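The chain is numbered in sequence order, starting from 1. In what follows, every heavy atom counts, from backbone to side chain, and hydrogens, waters and symmetry copies are set aside. Start at 1 and go down the list; that is how both ligands and their atoms are numbered. The shown structure was predicted, so the numbers you read here are calculated from the model rather than taken from an experiment.
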Amino acid sequence: MNYFSTRDLNKKSVSAGEAICKGLAPDGGLYLPETCPAYTIEELSAWQNLSYVELAAKVLKPFLTDYTEEQLFSCVQDAYHYPKFDDSRIAPTRLCKDYSLLELWHGPTSAFKDLALQLLPRLMVTARKNLGISETSLILVATSGDTGKAALEGFRDVDGTKIAVFYPKYGVSALQQLQMQTQAGENVAVFGIKGNFDDAQTGVKTLFTDREMEETLKESNMSFSSANSINWGRLCPQIVYYFASYFDLVSAGKIQMGEKVNFCVPTGNFGDILAGYYAKMMGLPVHKLICASNANRVLTDFFATGTYDRNREFHQTASPSMDILISSNLERLLFLASEQDASLISDLFASLKEEGSYTVSKEILCRLQADFAADCCSDEEAFEVIARLFETEGVLIDPHTAVGVCVLEKYRKTSGDMTECVVLSTASPYKFCKDVLFALEKAPASQEDPFFLLEELEKKSGVAAPFNLKNLKSAAIRFEQVLEKEAQKDAVLRFVSEL
Ligand SMILES: *Cc1c(COP(=O)(O)O)cnc(C)c1O
């Protein structure tokens, strides 16, 4: 399977390994596989009883044809195991009364990003070996909170890589910030930015195509790569758990093999839900993919009108990992929906860059609406869901997952579509103790200290917090630097010269 860029008119292709090592295409576009493998339901039935590791190897194999079967299996096996994931099923599906929750936060940093970022470094190291790359890969990451930590944990002390992470200083939770500030490893750097996630992401994307940067890296025998979901190696591992969850519903007797389900996905950069779209294209029986947003409802408006307009107020919400106005992976979806029209994509994204908006044709919008539904909710609505689910079913969820549940409820009410639905549960509630406690108690806690709040939540819920979060209490802070948003380039230049 070869890959080409969403913006390349000539469709010059590269191998999966090259796409993964590069991250972003040189023309600023995103790499996509030339075709999508497809399976019949009979073929898929044979995967029903596989372990997560075996399933991952099956799902990924047709996308990663330049890896040997042994290489792929060993990457997957190293990435997903107990006790690195605190549940041996890796991504278990929990049945609730009216829907199910796909728990994606059992990994080492308690967010769904671990499912991708435990595998990506292994895929990259293997590809580097296969391709004979000797340059050091410099991984630049813009994070809205969870990617940064998951990427740091995935790449720390990985041979031939260095990683620098930029997070919005006032846009992440106390524990998320501590997770990054205390990161161990000799090849890591972490910077707070005086700006929001979009500022951090735009800065990183600009550096990727900066000539001076490129020269400097060459002199230091380095090259850029990305651990954001613009990297295909981040996205393809996420396809796996849609299959896993579907098979879990069949095993639990919730659905018959072949019956369609909906997936409701708390969405920011559009990576997670795009992986669901790939699962559907591969033949998984999916009816609708429901795109759930918080008050930053740019995607809700886009799916309703066909106009993507980032010229709007940025809201800081209780689901910070979804506080995004530029959803990068939408580019991949539009490329697919426009029948691979690279020139249209180049025009749309030039317009996004220059005017902050673009509009797709009615025809494309119709196609998108056949597969996707979208809605949004406020923090208050999400808090109400957190309290209600805990009170009625004893299930504790985080604010991102709550956005998913809330939007599912709205979708069912407006559409009448009661298809069995899986809501992707994207983070542990303990990453967001303050807001979750506030939702449950309907009043602010007596103290702000994150570890006090963590213990309060444990007492209240009777559910133990993940060790990686509890252990932060005794971890030393290593990274406290906060930069003006224009200073990302200088910070990277300094990081490069230090090495
Ligand atoms: C990253 C993240 C999301 C959004 O996922 P995208 O792939 O960016 O759409 C949702 N919830 C949590 C907890 C996240 O960390």
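- Compare P320, G404, G268, A111 by their heavy atoms: the one nearest to atom 4 (C) of ligand 1 is in G268.
- In terms of N/O distances under 3.5 Å, ligand 1 is approached by T426.
- With sequence neighbours excluded, the residues forming a side-chain contact (heavy atoms from CB on, under 4.5 Å) with P320 are Q176, D323, H400, F432, listed by chain and number.
- For ligand 1, the atoms sitting less than 4.0 Å from at least one non-hydrogen atom of D146 are 12 (C), 13 (C), 14 (C), 15 (O), numbered in the order shown with element in parentheses.
- Between F112 and ligand 1, no N or O atom pair is found at a separation short of 3.5 Å.
- Using bins of under 30°, 30° to 60° and over 60° for the plane-to-plane angle, the ring pair F303/F372 lands in the parallel bin.
- Note: no N/O pair closer than 3.5 Å links S229 and ligand 1 by distance alone.
- Using a 4.5 Å heavy-atom threshold, the side chains of L483 and F166 count as touching.
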Please lay out, stage by stage, how V59 and L55 fare under the test side chain to side chain contact (heavy atoms under 4.5 Å, CB included).
CA-CA 6 Å; V59 172; L55 181 63; 4.1 Å; yes

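- A perpendicular orientation is assigned to the rings of Y358 and F302, their planes being inclined by more than 60° (bins at 30° and 60°).
- Of all protein heavy atoms, the one closest to atom 6 (P) of ligand 1 is N269 N, 3.5 Å.
- Contact annotation for F270 and ligand 1: only backbone heavy atoms (N, CA, C, O) come within less than 4.0 Å of the ligand.
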Using distance only, find each side-chain donor-acceptor pair of residues 97-105 under 3.5 Å and give its atom names and separation, not counting sequence neighbours.
| residue | atom | partner | partner atom | Å |
| --- | --- | --- | --- | --- |
| E103 | OE1 | H106 | NE2 | 2.8 |
| W105 | NE1 | S425 | OG | 2.9 |

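- At least one N or O atom of D272, backbone or side chain, sits closer than 3.5 Å to an N or O atom of ligand 1.
- Between W232 and Y3, the angle of the ring planes lies from 30° to 60°, which puts this pair in the tilted group.
- Taking every heavy atom of M322 and a limit of under 4.0 angstrom, the matching atoms of ligand 1 come to 10 (C).
- Per-residue contacts place A427 under 4.0 angstrom from the following atoms of ligand 1 (heavy atoms of the residue considered): 13 (C).
- The contact set between ligand 1 and K113, taken as ligand atoms under 4.0 Å from a residue heavy atom, comprises 1 (C), 2 (C), 3 (C), 14 (C), 15 (O).
- Each of the atoms 9 (O) of ligand 1 lies under 4.0 Å from some heavy atom of T267.
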